[in-house]
Structures are given as structure tokens and as C-alpha cells.
2 protein chains.
Amino acid sequence: MKPTNQGETNVEYQPFEIKEKLKKIFEYHSDQPIETCPIRDVLSSSSDKWSILIILFLGGYDVLRFGELKKRIHGISAKVLTERLRTLERDGYIIREVFPEVPVRVEYKLSNFGIRYLDKLILISEWIKDEMNLVIQSRLEYEKKTK
Amino acid sequence: MKPTNQGETNVEYQPFEIKEKLKKIFEYHSDQPIETCPIRDVLSSSSDKWSILIILFLGGYDVLRFGELKKRIHGISAKVLTERLRTLERDGYIIREVFPEVPVRVEYKLSNFGIRYLDKLILISEWIKDEMNLVIQSRLEYEKKTK
DNA sequence: CAGAATCCCTTGAGATACTG
DNA sequence: CAGTATCTCAAGGGATTCTG
């Protein structure tokens, strides 16, 4: 039973600048902080695991068909893939183009807005890949500590 | 020079550089692409709506108690808040400190790793706030188009 | 081929009551 | 105060089958 270790408290507190940015994002001063929260209203419907993978894969291939996406995103079902693609299309991240051939061909690609989202996702993905060992180690320590 | 668009969309295709970054992130060449996917293994457990809000609020206040967090994150239940805090602590984003007073006081703050995550979340939040009108407009157009 | 439809099980998440 | 323990209902998501 040990409370949190003071040895790891070399925590650098967030600079004032960061707090100012957060205030701007959430508009603390505003009188409708809940209704216009950009995180809930917009980001939450495109930041789930599957949507992120879809955006990243479309970023890597320019254009992909439904079946190609399904094959590359291992484990996703047709139903979920359809749902996520619809939402991403509705919100303007991706463009869906139907070619009326037989059998029909449907292609998906990122919009310019989607590419700007891709840029942010790449930043965060590169970072998490660099630092994921920290997370894995933290999980092991946590397991030992709470055993 | 970018390849030019064809048809109605002025989509700029992703530069080669971006594809190289994506290859690195997913390690296309590797023989275990699923098992070590950083998005699924690490990012997916800290990128849900509630976790993001928790990180952002801790970023704005340095230190917050359980009740203060619950009050600020409108709509979250004690159960979900507890679950998300446990996961974020397990993965090393936040530090939980118990003060054995009566009644007990528990404080949460970001670790240095959590602050680095906060930096990325701020980038993406600022961006989505700037561009969220695009999403809202896209939704309206989509609704008209599919009605 | 690209989905739509159905079934069905698991998980998420709110509400409430209780406790160290 | 900071949770935990239940209960409950809604939503997520997998598997399968069907269709333009």
C-alpha cells in the first residue's frame, strides 16, 4: 500500500499559454459551453477507432473501394464499415463516388478537409508509436501494483 | 507540383511524404501488422470522447479532485468517470494521489506523458474548432441530398 | 460488388443506493 | 468525498443471409 510516489512528480505544470488555448477552445466565458462543445459535437463522431483507421488508410492509398478498405482494416465488419463511411461522408471527411458499372464500383477518397484531418491524425499516430512502449510498461506496473 | 484534380472536386492528392509516414506508422513491411497496431492497442483506449475531455480539463486546471472533474464535465456519470480515470491512470496519462484525510481527498493531474498527449489534443481541438462550421454545413447538405 | 436486413450477443452508460 | 455495487436499458458491433 503505497500512495503515489513522489519520485515521479517531476511534472512540469502546464504553461499559462496552454490554459489560454483551452479557454479559447471551450469558450469558458461563453454562456452556452455545453451546446457548442467542438469535442462532443464534431470530434466525437470521427475519432473512434474505426474512423481513424479509415482516414489513415485512405491517406495511404488515395482511393479505395469498399472491399479494399474492408480487406485492409482487419476485423471490421461490413455493417460497421458502412456506418462509419456514411458518417464520415456526411461530415465531409470523405467523398464517395459511384460508378454505375456491372457490378457496381464505389470509390472512397479523402476530401481536402479530410486530408487536413489526416495531417493531425498522422501527428498523433507518429507520437503514439514513438511512445507506446511507455504505455505498455505503465500497464505492467499498474497490474503489479494493484495485484 | 501536385497532380491536378479531375471532375467536381478540388482534391489535392496526398504527397508521397505522407504515404511514407503512414507506412512507418503501420509498418506495412512487418510481418505482424495487426498485433502491434499502435492505434488499436494504445490510442483507442484514450481517444474516446470522455477521455479527451478529462485530459483537456486536467490541462486547464493542473490539479482537479474527482468531484471537480465530475462537475466540469457535464453529463458524465460517476461510474464512467471512474472507469476512464482508472484506464488513464493505468496507461500513464494521469497521476492519482490520495490524501488520507477525513473525508478523503483524491487529486488527479496529468503526468509528463499526459501533457505530451495534451499538446496533441490541443492541436486537434483548435483545428476542429476552427473548421467545425464546415462539418455542420456538410451535415445540412447531406441531409438535403439524401432526403 | 457494395451494401441492406436481420438476428443476437456484448458493451456502454445512466440512475440509484450504499460505504469506508 | 470518492467512490463501489446493482440494476436497467440502449447502443455497438459480429455473423449470416439476401439483393440491385
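By convention in this document, chain letters (A, B, ...) are assigned in the order of the sequence lines, proteins followed by strands, and residues within each chain are numbered from 1.
- A cation-pi contact, defined as under 6.0 Å to the ring centre and within 45° of the axis, is absent between A:Arg72 and A:Phe57.
- Salt bridge absent: B:Lys145 and B:Glu141 never bring a charged side-chain N and a carboxylate O closer than 4.0 Å.
- For A:Thr82, taking side-chain heavy atoms from C-beta onward, the closest of the listed nucleotides C:dG14, C:dG20, C:dG3 is C:dG3.
- Atom pair B:Glu83:CD and C:dG12:P shows a separation of 7 Å (rounding to whole Å applied).
- Nearest to the side chain of A:Arg96, among C:dA13, C:dA2, C:dC1, sits C:dA2.
- Between the P atom of C:dA15 and the CG atom of B:Leu81 lies a distance of 14 Å, rounded to the nearest Å.
- The stretch residues 74-92 of chain A participates, sequence neighbours left out, in these salt bridge (charged side-chain N to carboxylate O under 4.0 Å, His left out) pairs: A:Asp48-A:Arg84, A:Asp91-B:Arg139.
- For the pair A:Arg40 CZ and C:dA13 P, the interatomic distance rounds to 12 Å; values are reported in whole Å.
- A:Tyr108 has its OH atom 8 Å from the P atom of C:dA2, to the nearest Å.
- Between A:Pro103 and A:Val80, the residue whose closest nucleotide on DNA chain D is further toward the 5' end is A:Val80.
- Straight-line distance from the NZ atom of B:Lys49 to the C1' atom of C:dT11: 15 Å, rounded to whole Å.
- Remark: side-chain polar atoms of B:Tyr61 are not paired, donor with acceptor, to backbone N or O of B:Lys109 under 3.5 angstrom.
- Between the side chain of A:Ser125 and the backbone N or O of A:Leu121, at least one donor-acceptor pair lies under 3.5 Å.
- Side-chain contact of A:Tyr93 with A:Ser111: a donor-acceptor pair under 3.5 Å is absent, judged by distance alone.
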- request: Please lay out, stage by stage, how B:Lys19 and B:Glu17 fare under the test salt bridge (charged side-chain N to carboxylate O under 4.0 Å, His left out).
  value: CA-CA 5 Å; B:Lys19 289 178 192 161; B:Glu17 176 200 348; over 6 Å; no
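- Between A:Glu107 atom CD and C:dA2 atom P the separation is 9 Å, expressed in whole Å.
- Taking only side-chain atoms of B:Trp50, from C-beta outward, the nucleotide of C:dC1, C:dG3, C:dG14 with the closest atom is C:dG14.
- Heavy-atom contacts of chain B under 4.0 Å fall on DNA chain D between two terminal nucleotides, which in 5' to 3' order are D:dC1 to D:dC7.
- In this structure, A:Lys79 and A:Arg105 both approach DNA chain C, and ranking their closest nucleotides by distance from the 5' end singles out A:Arg105.
- Rounded to whole Å, the distance from CZ on B:Arg84 to C1' on C:dG14 is 16 Å.
- Put simply, CG on A:Leu85 is 10 Å from P on C:dA4, counting in whole angstrom units.
- With the nearest nucleotide of DNA chain D identified for both A:Val104 and A:Ile76, A:Ile76 has the one nearer the 5' end.
- Residue A:Arg86 has a polar side-chain atom (N or O) positioned under 4.0 Å from OP1 or OP2 of C:dA4.
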